[in-house]
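None of the values given here were measured: they were computed from a predicted structure. Quick note: numbers below take in every heavy atom, side chains included, and nothing from hydrogens, waters or symmetry partners. Order of listing sets the numbers, starting from 1, for every ligand and every atom in it.
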Amino acid sequence: MKFNKKLQNINTYEAGKPIELVVREFGIEPKDIVKLASNENPYGCSPKVQDAVSKIIPKMALYPDDSMLKLKNALTKKYEMNDENLIIGSGSDQVIEFIMHAVANENSKILMNSVTFAMYEIYAKHVGAQILRTKSQEHNLEEFYELYKKENPEIIFLCTPNNPTGDAINADEMMKFLQKIDKNTLVVVDCAYMEYAVYKDVSKQVTPKELIEKFENVIYLGTFSKAYGLGGMRVGYGVSHKNIIGELSKLRPPFNITTLSLEAASVALEDEKFVNNCIALNFDEMKRYEEFANKQKIDIIESYTNFVTLCLNETQNSTQLCDALLQKGMIVRDLNGYGMNAIRVTVGTKEQNKRFFELASALL
Ligand SMILES: *Cc1c(COP(=O)(O)O)cnc(C)c1O
């Protein structure tokens, strides 16, 4: 059988190893496995979400509300915008996929940071677009601008805070940058961890409202998978000018969000207290990672998210460390594939983090 040639040089996305796999491969009891690999909220989701979802289980035989009225109302209220500015995806991942198919083709150029979210590249390859990257590890907007001027890309991805490094772009600088970009280039501002960044430092805050009021060629991406603790429900969204949303909507499959997920996300938005509490705990626990890094004399990148990036010394090897941790039931992310001798660790609960410190100190 002949397959689409564009698929030939795509590496299948490697998700954080699920707990079940570690149970099978290493024979470790599920209770002894700690997963700090996918930046999930270690405190789960609001108990109100669990109540609401269990109540609508009897509705499972019916197709979901494809207008997504309840969730759209909750989001438009929170972000003070209109329905026509909003698209909901099965994770913000799916919105990235829509964007790529709506805007790019094999003649397109897509500009992104040297180290950034792996899915941008994978979706760009789906359409055969050329990928351009900056050199600096952190987003350097001057470098972005130079490449933009020279190459005139169709899409620019800014990821703030950035995954897998945790650093965030200063909002004022981003606004100045966006003003210099021509309306024919779409700028995607991926804010999967914005809830965390805002808590730590408001100078990093970008809001969908501000972006769409000022720019007709920018799309804001948000997700329920991180701070809201709903990774398993697969809900994300894009906020943009109505013309862009209109085009993306043509690519959206009907019923792309399940009834349970729609309910979960709507109710999650009502319980801001739960989310804020989780975020506060996150930054309390993050201090212990900073202490750990100091003690081990390894570098830690200042993080505005719910994960930390630990950059190992020359004598240490991130892949070996991750393998050794895995054998002890500790799942973290090796950043070797991103060209870094570093690991990314989701900030977990106190007990999970303690376990990480014990295991990692014995191996470093
Ligand atoms: C997790 C993540 C997403 C999307 O997650 P979904 O679960 O698909 O909503 C998007 N961008 C970044 C940078 C992420 O880390």
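With a 6.0 Å cutoff to the six-membered ring centre and a 45° limit on the axis angle, Lys204 counts as a cation-pi contact of Tyr304. At least one test fails for Lys226 against the ring of Tyr196: distance under 6.0 Å to the centre or angle within 45° of the axis.
Among protein residues, Gly91, Ser92, Asp93, Phe117, Cys159, Asn163, Asp190, Ala192, Tyr193, Thr223, Ser225, Lys226, Arg234 come within 4.0 Å of ligand 1, judged on heavy atoms.
Side-chain atoms of Ser266 come within 3.5 Å of backbone atoms of Leu262 as a donor-acceptor pair (strictly under, hydrogens ignored).
Under the 30°/60° scheme for interplanar angles, the aromatic rings of Phe255 and Tyr63 are found to lie parallel.
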Just list the side-chain donor-acceptor pairs under 3.5 Å for residues 124-137, sequence neighbours left out, or say none.
residue	atom	partner	partner atom	Å
Lys125	NZ	Asn9	O	3.0
Lys125	NZ	Glu121	OE2	2.9
Arg133	NH1	Asn113	O	3.1
Arg133	NH1	Ser114	O	3.0
Arg133	NH2	Glu121	OE1	2.4
Thr134	OG1	Asn113	OD1	3.1
Thr134	OG1	Ser114	N	3.1
Ser136	OG	Glu143	OE1	2.4

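Atom NZ of Lys295 sits in a sparse spot, with 12 or fewer heavy atoms from other residues, nucleotides or ligands closer than 6.0 Å.
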